[in-house]
Amino acid sequence: MIRDDDHTATDLSHLRGGETARNHDARTIAALTANPGCARRGVMDAAAVDKDAVARHLGFGAPFGQSQFAITRGNAFEAQVKADGCAELLALLRDGLGLDIPEVAYDDLESVGTESREVRHTRTRHLMARALESGEGTMFDHPLLRLDIAGQRAYLEPDVIAFQLGGRFHVVEVKSFAVVDGQAEPEQVAAAARQSAVYVLALRELVAGLGHDPERVSHEVFLVCPENFSNRPTATPVDVRPQLAVVRRQLARLTRAEDIARTMPDGLTFALDEGLPDAVRAVEARYAPECMSSCEMALFCRDEARACGATGTLGRPVRDELGGVDSVVTALDLARGVREPSEDMAETAEQLRVAARLRREALASAPAPAVPPRDTASPLVGVPAHGADVLERTA
Ligand code: SF4
């Protein structure tokens with residue numbers, strides 16, 4: 001008997017052009033939540049397409065993710081912190097944070113089931129079940145977790161430790177960016193918090209699946225980083241409740257893989273051949289400047305969005321404020337009153353006409369400048385000055 005799941009797996013494999021499915025990690029899952037309204041990203045991620053390979057084949061490869069130097073440095077720091085059964089980490093948690101961790105059992109799951117992720121995941125479940133029942137087991141290194149992404153099972157292979165304290169599990173995230181005088185780069189902390197939230201979510205699902213209260217996995221994670229450019233680690237507790245709420249909500253909003261596969265044009269495939277540009281363009285994108293830091297396809301989509309004058313190139317706030325007006329040319333035509341708006345655009349069109357009139361009045365009453373101004377107010381509500389510049393050029 002052929003089940004729906006089999007059809008979906010076949011459809012998704014066809015979308016990948018027969019390539020191996022790309023495994024998610026917490027970084028890619030956290031990034032998944034960055035632009036959930038983008039169908040292009042949605043279908044590629046649901047089918048586990050290697051977006052980096054696609055972008056490179058299209059001639060828009062981008063240096064994405066960590067540099068080799070950062071990866072090497074991160075691995076060395078992590079190895080140092082975890083050496084000798086996490087001795088340095090334990091000292092840090094005991095002395096630095098004053099946590100009462102009486103005795104330690106350390107389980108490293110990395111060597112378990114190297115041939116099969118399912119075996120390693122089963123071992124993770126087994127150890128967690130024992131720890132939940134008996135309180136035995138303090139530290140788990142490299143647990144293999146699972147999370148449902150758009151209806152598809154994704155394995156997470158975190159370089160992370162879950163440790164048990166007072167009957168609750170905490171995630172420890174080891175990062176190689178520096179904490180200088182108690183401060184770290186806010187963007188890096190935010191990204192680490194989002195990734196940790198993904199781990200917390202996956203651990204909670206595992207704990208719930210074992211019949212225990214998912215709240216036994218704490219929302220408080222410990223971020224371990226080098227201190228003041230040295231290799232000395234420092235630990236900081238981080239409350240990831242806001243990130244948890246966002247990740248949970250966005251994952252729930254991701255369209256299920258089988259639904260996406262069903263809506264794609266017949267025979268669509270992202271195989272790395274001459275048909276790839278057309279295949280990619282066949283799926284609608286919602287480019288925004290934020291894509292540059294969260295999606296491998298960003299250079300291709302930015303080029304495409306600029307070529308068609310998409311409002312998304314001016315930033316997500318502008319696009320959202322313009323409602324269903326996707327093109328800068330349409331926005332300008334509506335503002336000038338030379339295009340009749342459809343019913344659903346009537347309100348936006350009215351706001352654009354008012355903004356354009358106010359702009360004209362402001363310019364008319366302003367004293368003549370010595371030099372023609374380049375950064376004048378925008379005819380669009382909420383468009384920054386540089387956006388107005390783009391609008392003028394696009395028009
Ligand atoms: S870069 Fe392109 S595919 Fe990726 S999220 Fe942005 S618009 Fe979507």
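Whatever order the structure lists them in is the order used to number ligands and atoms, beginning at 1. The residues of the chain are indexed from 1 along the displayed sequence. Computed from a predicted model, the values in this text were never measured in an experiment.
- For atom 2 (Fe) of ligand 1, the nearest protein heavy atom (residue, atom name, distance) is C301 SG, 2.3 Å.
- For ligand 1 and A285, the ligand atoms under 4.0 Å from any heavy atom of the residue are 7 (S).
- Ion pairing of E220 with R241 is absent here, as no side-chain N (NZ or NE/NH1/NH2) approaches a carboxylate O to less than 4.0 Å.
- Among all protein heavy atoms, the one lying closest to atom 5 (S) of ligand 1 is N35 ND2, 3.4 Å.
- Using a cutoff of 4.0 Å between basic side-chain nitrogens and carboxylate oxygens, R16 and D50 are not scored as salt-bridged.
- Using a 4.0 Å cut-off to heavy atoms of C38, the atoms of ligand 1 that qualify are 3 (S), 5 (S), 7 (S), 8 (Fe).
- Separating the CZ atom in R120 from the NE2 atom in H142 is a distance of 7.0 Å, to the nearest 0.5 Å.
- In summary, R146 and E118 engage in a salt bridge, as defined by a charged side-chain N under 4.0 Å from a carboxylate O.
- Counting non-hydrogen atoms of neighbouring residues, nucleotides and ligands closer than 6.0 angstrom, the CG atom of D344 exceeds 12 such neighbours.
- Under a 4.0 Å criterion applied to the non-hydrogen atoms of A298, ligand 1 contributes the atoms 1 (S).
- At a cut-off of 2.8 Å, C291 is not counted among the residues with an N, O or S atom near atom 4 (Fe) of ligand 1.
- Taking the six-membered ring where the residue is Trp, F60 and F300 present perpendicular rings, their angle passing 60° and hence far from 30°.
- Atom 4 (Fe) of ligand 1 has as its closest protein heavy atom C295 SG, 2.3 Å.
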